[in-house]
Structure formats: C-alpha cells, structure tokens
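Written out below as structure tokens is the structure these notes cover.
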Amino acid sequence: MNNAWTKTYQHMHSRWPYRMALWLLGLPLHIVLIARRTTTQDEQQVDLTQQLTTEEHNKQHYFGENKTQAQTAKIVAKRLAQVRRQEQGGKQSLAQTFGQLMASRAGFITAVILAWPMLLLMQLYRMPILRYVIERLIQMVFVIFGVTWIVFTLLYFSPSDPAVNILGIQATPGQIENFNQLYGLNDSYWIQLARTMKGVATFDFGYTYVGNELVIDALLRRFPVTLQVTFFSLGIALVIAIPAGIYAAVKANSLFDQFFMFLALIGLSIPTFWLGLIFIFNFAIKNRWLPATYNPSNPWSLLMPAIVLGTSLAAAVARMTRGSTLEVIHEDYLLTARSKGLSNWRIIWRHVIPNALIPVITVIGLQFGGMLGGSAVTEQVFNINGVGSYIVEKQFVPDIPAVLGGVIYIAIIVSIVNLVVDLLYALVDPRIRTSLKG
C-alpha cells in the first residue's frame with residue numbers, strides 16, 4: 001500500500017501543476033514530512049559518517065598508513081559527498097518519506113487529519129479517465145478567461161462608440177456621459193477588465209445596452225431552440241451520411257458511389273441561405289406543406305431548418321466516412337480476418353467501422369459545436385430567435401455585455417464538445433483507452 005502511495009506522490013510531484021496542488025492542499029503534512037525527512041537524513045548521515053570513519057581507520061591500519069585526524073576527516077568528508085551524489089534526489093526522498101508515513105496506521109491517520117484534500121486529489125489522480133476529464137475542465141477555464149480577455153480588449157480599443165451607436169448622433173454630450181457613467185464605460189481598461197472577469201467567474205454578464213435585459217437570461221432563453229435545431233440536423237445527417245458513406249466505400253467506383261459523392265459535393269457547395277429560400281418557396285409558399293417561419297407551438301416548423309443545416313453536415317460526414325473507410329479497408333489486418341473465414345459484413349461491422357470512425361467523430365464534433373454556437377444565417381432565414389442570430393445582432397451595436405456573453409457561451413460549448421469527442425475516441429478505439437490509462 002505504501003508503495004502505491006509513494007509512486008502516486010512521486011508521479012504527481014514530477015508535474016508542476018500537481019506539485020503546486022500537493023503543497024497547497026497538504027501544507028501541514030509537508031511540514032511534518034520535511035521535519036521527519038530532515039531528522040532521518042541527519043541520523044543516516046551520522047551513521048554513515050561513523051561507518052566511513054571506521055572503514056578509513058581499518059584501511060590505514062591494513063596498509064600501515066599513519067595519517068592525522070584532520071587528514072582522515074577530510075577523506076571521510078570527500079567519500080561522504082560522493083555517496084550523497086550517488087543517492088536519489090530530494091523529491092523522491094520526500095516521496096519515500098510520505099510512503100513510510102502512510103505505511104503505518106498512525107501515520108495514515110495523521111495524513112488524513114492534516115491533508116485529507118491532498119489524499120482525495122491523489123485518489124482521483126489514480127483514475128485515468130476522471131483525471132483526464134478534470135484536467136480538460138481546468139484547461140477549459142483558462143481558455144474561457146483567455147478568450148474573454150482577447151475579445152474584451154478588441155472591443156475596448158474598437159473605434160466604435162456604443163453610446164453614440166445606441167443613442168444616435170443627435171444625442172447630447174450629457175446623455176452620452178450619463179450612458180457611459182451608467183455602464184461604467186468611463187472607468188479605466190483594467191477596472192473594466194477586472195469587472196468583466198469577475199462577471200465571467202460568477203456567470204453574471206451584466207445587462208445589455210439595448211433592452212436592458214440580463215445577458216445570461218437572454219442566452220438561456222434562446223438556447224433551447226438552437227439545441228433543438230442542432231439535434232434535429234445532426235440526427236438527419238447521421239442517419240443518411242454514415243450508412244451511405246460506408247456503403248459507397250464498400251462499393252467503391254460503382255454507380256452508387258459516384259452518384260452519392262456527386263450529391264455530397266452539391267450539398268457542400270450550396271449556400272445555406274439559398275437552400276433555405278428554395279425550401280420556403282417550394283414547401284411553404286407554393287405548396288403550403290410546411291410553415292415558412294419557426295413557430296414554437298408547431299414542431300413541423302423545425303423540419304426545414306433542420307434539413308437545411310443537416311444537408312451540409314451530411315455531405316461533409318459522408319465524404320469523410322467514405323474516405324476513412326477506404327483507408328481502413330486496405331489494411332493488412334483485414335486480410336487476416338478474411339483468412340479466418342469471417343463474412344464481409346461482419347468484418348465491416350467488427351473491424352472496419354470502429355477504426356474508420358475516428359476522423360468521422362472529429363468532423364461531427366466540429367460541425368456540432370459550430371451549430372450549437374449558433375447558425376446565424378439559417379436562423380435569420382427561418383426567423384428563429386436563436387443564439388446565433390442574437391450574437392450577430394448584438395455585434396453590430398456593439399453591445400459589449402451581450403457580445404462577451406455570446407463569445408463565452410461559444411467557448412464553453414466548443415470546449416465541452418471537444419471533451420466529449422475525445423472521450424468518444426477512447427470509447428471507439430481501445431488504443432486511445434490504453435494511452436489514457438498510461
């Protein structure tokens with residue numbers, strides 16, 4: 001047990017973020033460890049000095065040498081320094097001291113009392129997948145604050161004046177001054193930046209300049225419809241694209257392959273706004289089969305926006321699925337599977353698809369994160385009051401709190417989607433699971 005604690009402590013101590021966490025969470029215990037290690041090293045040095053002195057005296061007696069006490073002490077000190085250089089460094093010695101403390105029941109109880117948060121962190125560190133998720137979440141926090149700083153700086157030094165844009169050029173200097181005073185725009189760069197960072201930490205993005213509504217409420221109110229459209233689009237794309245892409249790769253250069261890839265190329269080339277207008281003209285105005293704009297009370301109004309968004313996604317996923325599957329089909333290990341008598345479709349399901357899905361998952365994750373960030377063009381065409389149209393609308397003011405809130409929302413969404421994509425990698429590919437556990 002103490003060996004496991006020693007290895008965990010040593011491995012964490014070799015990485016500076018975890019080393020800082022260990023010292024912060026277990027400072028009282030580290031004071032005890034340092035005192036104990038110092039006492040142990042002093043005792044060991046006394047014993048080693050006595051041992052080396054005895055060996056030197058025996059050596060002088062054997063060779064008939066007659067050296068003074070000062071010469072003998074100098075030789076012993078030199079040999080002691082050589083032995084110390086050959087010993088292990090202080091970090092590992094501290095880890096060994098920690099392991100020795102954890103080996104006894106009294107020492108374990110002492111460690112729990114003095115540093116239970118540190119022991120909890122070490123226990124979490126032993127769980128590779130959970131550790132990976134926590135590390136990515138911590139990285140996400142730094143990404144969010146970094147993006148906030150960059151966007152705030154760009155908006156702060158922008159030549160555009162929010163007060164003039166909102167109040168109009170006919171506004172008096174007194175009105176502009178009152179507006180700037182109300183929203184703290186007269187404060188220095190650092191004060192406004194600190195206030196913005198505090199708002200990010202507390203999820204309080206303030207009030208919008210136009211409408212005077214809470215930014216977080218505005219985003220949360222628009223997020224459900226964006227989520228609905230995105231999931232509908234993703235479902236349509238995956239149901240069509242992945243099976244068709246795999247079948248096109250299996251039947252490479254066939255008529256189906258050429259025709260489907262031609263359709264995928266068209267799907268990638270058609271502008272989203274044009275396709276949306278064509279759908280509205282044919283299915284809403286001409287034939288009146290579907291509503292032209294989004295209506296929360298009518299679920300059929302989501303069908304056309306979902307198809308429009310899903311078209312380009314399906315085209316990208318289908319082409320990537322076909323290309324990835326073609327690469328895997330020609331691998332040598334599939335010849336081994338065929339030599340064992342496995343059927344062609346069983347080889348595809350058991351060996352081809354899992355290995356071909358890695359790049360496909362990447363494309364799906366990137367597209368899905370982008371759509372959750374808001375598809376402004378599609379939302380404008382179908383009059384969907386979603387996140388994308390909201391962010392674009394506020395950028396032209398510029399409504400600084402709303403823009404910052406939208407950017408932070410996108411940063412959070414993209415970070416979470418990337419984390420889920422990386423976990424899906426581990427679920428699909430056992431080699432990645434092994435790498436995470438390592």
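Quick caveat: nothing in here was measured; it's all calculated off a predicted structure.
Between the side chain of Arg322 and the main chain of Ala318, no donor-acceptor pair closer than 3.5 Å is present. Put simply, the side chain of Asn287 gets close to the backbone of Asn282: a donor and an acceptor are under 3.5 Å apart. With Thr311 contributing its side chain and Gly267 its backbone, the two residues share no donor-acceptor pair below 3.5 Å. Proximity of a side-chain donor or acceptor of Ser389 to a complementary backbone N or O of Asn385 within less than 3.5 Å is not detected. Under a 3.5 Å cut-off, the side chain of Thr362 and the backbone N or O of Ile358 do form a donor-acceptor pair.
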- Are Ile242 and Val317 close enough, and set up right, to give a side chain to side chain contact (heavy atoms under 4.5 Å, CB included), and what steps lead you there? CA-CA 7 Å; Ile242 292 182; Val317 172; 3.9 Å; yes
- Task: Please test Leu121 against Met12 for side chain to side chain contact (heavy atoms under 4.5 Å, CB included), starting from the C-alpha separation and ending with a verdict.
- Result: CA-CA 10 Å; Leu121 176 64; Met12 294 179 68; 3.8 Å; yes
- Message: Evaluate Asn186 against Glu177 for side chain to side chain contact (heavy atoms under 4.5 Å, CB included), listing each step before the verdict.
- Response: CA-CA 8 Å; Asn186 288 331; Glu177 179 65 23; 2.9 Å; yes
- Query: Going through the distances and angles, do Met118 and Leu27 end up as a side chain to side chain contact (heavy atoms under 4.5 Å, CB included)?
  - Reply: CA-CA 9 Å; Met118 188 188 80; Leu27 183 59; over 6 Å; no
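Checked against Tyr125 for a side chain to side chain donor-acceptor pair (under 3.5 Å), the options His11, Glu135, Arg131 give a single hit: His11. Each of Thr148, Val147, Thr153, Leu154 was compared with Val151 under the side-chain contact (heavy atoms from CB on, under 4.5 Å) criterion, and only Val147 meets it. Screening Gln181, Gln192, Arg195 for a side chain to side chain donor-acceptor pair (under 3.5 Å) involving Asp187 leaves a single residue, Arg195. A side-chain contact (heavy atoms from CB on, under 4.5 Å) with Phe205 holds for exactly one of Leu404, Val403, Leu214, Val215; it is Val215.
Counting heavy atoms from C-beta outward, Asn418 and Arg136 have side chains that approach closer than 4.5 Å. By the 4.5 Å heavy-atom criterion applied to side chains, Tyr132 and Leu423 are counted as neighbours. Asn178 has its side chain out of reach of Leu182: every pair of non-hydrogen atoms, C-beta onward, lies at least 4.5 Å apart. Here the side chains of Ile391 and Ile410 are in contact, with some heavy-atom distance below 4.5 Å. Two residues are said to be in side-chain contact when any heavy atoms from C-beta on lie closer than 4.5 Å; Ile280 and Val381 meet this criterion. Two residues are said to be in side-chain contact when any heavy atoms from C-beta on lie closer than 4.5 Å; Asp204 and Lys198 fail this criterion. In this structure, the side chains of Leu219 and Val387 come closer than 4.5 Å at one or more pairs of heavy atoms. Within the 4.5 Å cutoff, no side-chain heavy atoms of Val200 are placed close to those of Phe152.
In the displayed structure, Phe142 atom CZ is contacted under 6.0 Å by at most 12 heavy atoms of other residues, nucleotides or ligands. Residue Trp23 qualifies as enclosed at atom CH2: its count of foreign heavy atoms under 6.0 Å is above 12. In Phe145, the CZ atom is crowded: over 12 heavy atoms of neighbouring residues, nucleotides or ligands sit closer than 6.0 Å. Around the OH atom of Tyr189, the shell of radius 6.0 Å holds more than 12 heavy atoms that belong to other residues, nucleotides or ligands. In Tyr18, the OH atom is crowded: over 12 heavy atoms of neighbouring residues, nucleotides or ligands sit closer than 6.0 Å. The environment of Leu255 atom CG is sparse: at most 12 non-hydrogen atoms of other residues, nucleotides or ligands sit within 6.0 angstrom.
Scanning both residues, Phe382 and Ala292, for their nearest heavy atoms gives CD2-O, 3.6 Å. For the pair Thr321 and Thr325, the tightest heavy-atom approach, listed with the atom from each and the gap, is O-OG1, 2.6 Å. The shortest non-hydrogen separation linking Ala306 to Ile236 is CB-CD1, 4.0 Å. Contact detail for Leu265 and Arg319: the closest heavy-atom pair is CB-NH1, 4.3 Å. What you find for Ala249 and Leu326 is that their closest heavy atoms are O-CD2, 3.4 Å. Pro291 and Met304 make their closest contact through O-CE, 3.2 Å (heavy atoms, listed as atom of the first residue, atom of the second, distance).
Using cut-offs of 30° and 60° for the angle between ring planes, the Phe283 and Trp289 rings count as tilted. Between Phe179 and Tyr209, the ring planes lie perpendicular to each other; the angle is over 60°, past the 30° to 60° tilted range. Using bins of under 30°, 30° to 60° and over 60° for the plane-to-plane angle, the ring pair Phe256/Tyr247 lands in the perpendicular bin.
In terms of the ring-ring contact (aromatic ring centres under 6.0 Å, His included) criterion, Phe281 has no residue partners (sequence neighbours excluded).
In this structure, the separation between CZ on Phe368 and OG on Ser233 is 10.0 Å, given to the nearest 0.5 Å.
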